[in-house]
Amino acid sequence: MSKLVSKWNYPTTVRFGAGRIAELPDVLAATGIKKPLFVTDPGLAKLPVVASTLKILDDAKVPYGVFSDVKPNPVESNLTAGIAVFKKGKHDGVIAFGGGSALDLGKLIAFQAGQTLPVWDFEDVGDWWTRANSDAIAPIIAVPTTAGTGSEVGRAGVITNEETHTKKVIFHPKLLPAIVIADPELSVGMPSFITAGTGMDALAHCLEAYCAPGYHPMADGIAVEGVRLVFENLPEAFANGKDLTARAHMMSAAAMGAAAFQKGLGAIHSLSHPIGALYDTHHGMTNAVFMPYVLAFNRDAIEEKIVRLSAYCGIKGGFDGFAKAVIKLRKELKVPHALPGLIKGLDMDKKRKTLIADMAVVDPTAGGNPVKLTKKAALGLLENAIEGTV
């Protein structure tokens with residue numbers, strides 16, 4: 001009897017292509033949403049891309065509300081405020097529009113508005129998601145404007161607990177948006193820093209999913225192609241933000257990373273999460289900083305896989321060649337090589353390092369690392385990322 005046993009889940013309907021944002025009214029009708037709450041972030045809310053999207057709703061005579069009180073790393077107070085707006089406006093669904101922060105918070109507003117238990121009771125632990133009232137979850141439409149988190153095809157949302165300064169992953173199958181509009185034209189105005197950070201986030205998702213232990217050839221195949229798309233298109237998207245082909249490929253890679261990481265993530269994310277929660281750093285850029293250090297740490301367990309990945313991506317030199325390609329890509333994107341370049345005035349004492357290591361080993365993503373992430377190992381990786389020693 002074969003021992004190959006696993007459980008696979010794959011994404012939702014995606015309307016992909018330039019100009020497809022014009023289909024937003026049709027998408028609302030298809031999902032039965034008559035009065036959506038449009039959730040975005042405060043920076044994006046001021047830009048023409050939001051104004052033009054809201055005009056589409058106006059022209060279609062769709063009544064809507066707007067909520068944009070979203071931090072780069074969303075916190076519970078953002079969620080509470082969003083739910084209040086959702087209820088006051090008697091909205092029946094959410095349009096989550098923007099990068100990972102807006103997508104995650106929009107999804108969580110739709111999820112939590114009808115629940116009676118605290119959001120922390122639905123953390124991605126065991127079967128905690130079964131505590132939720134599924135019938136009370138409002139439908140979600142996701143419209144990504146960045147190419148990184150892939151939250152538009154995910155069944156979870158990340159939110160920071162302000163009291164404990166820890167990031168929590170909230171999971172429920174109905175957090176998966178009913179329909180996604182993936183329109184690369186919406187990402188054209190993205191600043192180069194955000195292009196770099198979100199793109200490296202997509203790479204981290206694909207890379208860690210591919211390296212995670214377990215049997216999931218579908219996730220592996222998607223992750224491998226996602227890695228190739230990032231290496232071949234992220235530098236061009238960074239250098240020339242108006243290149244729609246590069247933007248489109250990166251938007252695909254982002255969704256692919258999120259589809260693949262149901263297999264697992266790893267130490268890149270488990271170290272990045274506490275840094276983001278404590279220092280409010282950009283998640284993708286933090287992943288990018290940790291990437292080469294974690295890659296080196298996992299070498300003995302993943303070298304054979306990385307050799308195959310390198311060959312597929314046309315990168316010569318096997319594992320070493322791939323590691324060098326990661327560092328070269330980071331340099332092209334102006335990613336800091338070490339944490340002090342990401343966090344100005346960083347002065348991390350022993351107590352803070354211990355706290356980060358403690359948070360990293362209990363992070364839900366730590367279990368997917370191909371080499372067990374002990375507290376000692378987490379401290380060593382943190383030290384390497386501070387000193388810049390690969």
Side-chain angles (χ1 to χ4, degrees), residues 7-40 49 53-54 56-57 60 62 64 91-100 102-111 113-114 129 132 134-157 170-187 198 202 205-206 209 216 218-219 221-223 225-226 229 244 247-263:
K7 181 180 179 181
W8 302 337
N9 293 283
Y10 270 85
T12 185
T13 299
V14 179
R15 298 195 184 195
F16 185 94
R20 298 202 72 170
I21 190 60
E23 299 172 26
L24 184 55
D26 293 337
V27 168
L28 287 167
T31 52
I33 300 174
K34 296 180 179 179
K35 192 178 182 183
L37 178 64
F38 187 94
V39 179
T40 190
V49 66
T53 301
L54 294 180
I56 292 171
L57 297 180
V62 175
Y64 60 87
H91 298 289
D92 61 352
V94 166
I95 300 170
F97 186 98
L103 295 179
D104 276 6
L105 193 74
K107 288 162 59 177
L108 289 173
I109 290 170
F111 168 77
W129 66 271
S134 295
D135 294 335
I137 302 171
I140 304 158
I141 293 168
V143 185
T145 62
T146 64
T149 69
S151 182
E152 65 272 14
V153 295
R155 300 172 297 152
I170 310 302
F171 170 85
H172 193 281
K174 289 184 74 172
L175 273 169
L176 180 68
I179 299 177
V180 176
I181 296 178
D183 184 341
E185 286 186 348
L186 301 178
S187 67
T198 54
H205 291 160
C206 292
H216 203 322
M218 293 171 71
I222 289 174
E225 176 65 0
L229 287 174
L244 270 182
R247 290 287 195 196
H249 284 314
M250 285 306 304
M251 196 162 271
S252 294
M256 292 164 75
F261 73 54
Q262 63 174 263
K263 184 189 173 199

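- Between Lys107 and Val94, the closest side-chain pair of non-hydrogen atoms is not below 4.5 Å.
- Looking at Leu54, Leu57, Ile140 one by one, the single match for side chain to side chain contact (heavy atoms under 4.5 Å, CB included) with Ile95 turns out to be Leu57.
- Nearest heavy atoms, Cys206 versus Ala223: O-CB, 3.3 Å.
- Atoms CG and CZ, on Leu175 and Arg155 in that order, are 10.0 Å from each other to the nearest 0.5 Å.
- Inter-residue side-chain proximity for Leu186 and Phe97 is flagged as met; some heavy-atom pair is nearer than 4.5 Å.
- A heavy-atom distance below 4.5 Å is found between the side chains of Ile21 and Ile56.
- Checking Ser134 against His172 by side-chain atom types alone, a donor-acceptor pair falls below 3.5 Å.
- Summarising the geometry of Gly154 relative to Pro177, their closest heavy-atom pair is O-CD, 3.8 Å, with the distance given to 0.1 Å.
- Distance check: Asp183 CG to Met251 CE gives 7.0 Å after rounding to the nearest 0.5 Å.
- Checked by atom type and distance alone, the side chain of Ser187 never pairs as donor or acceptor with a backbone atom of Thr146 at under 3.5 Å.
- Residue Arg20 holds its CZ atom at 10.0 Å from CG of Asp26, rounded to the nearest 0.5 Å.
- Minimum interatomic distance between Ala18 and Pro184 (heavy atoms only, all atoms of both residues): N-CD, 3.7 Å.
- Side-chain contact between Leu24 and Ile141 is present, with heavy atoms from C-beta onward closer than 4.5 Å.
- In terms of heavy-atom proximity, Gly93 sits nearest to Ala138 at CA-CB, 4.1 Å.
- Of all heavy-atom pairs spanning Val153 and Ala255, the tightest one is CG2-O, 3.4 Å.
- Taking NZ from Lys34 and CG from Leu28, the interatomic distance works out to 12.0 Å, rounded to the nearest 0.5 Å.
- Checked by atom type and distance alone, the side chain of Lys35 never pairs as donor or acceptor with a backbone atom of Asp92 at under 3.5 Å.
- Here the straight-line distance linking atom NE2 of His91 with atom CG of Leu37 works out to 4.5 Å at 0.5 Å rounding.
- Across every non-hydrogen atom of Asp104 and Ser151, the tightest pair is OD1-OG, 2.5 Å.
- In this structure, CD1 in Ile181 is found 13.0 Å from OG1 in Thr145, a value given to the nearest 0.5 Å.
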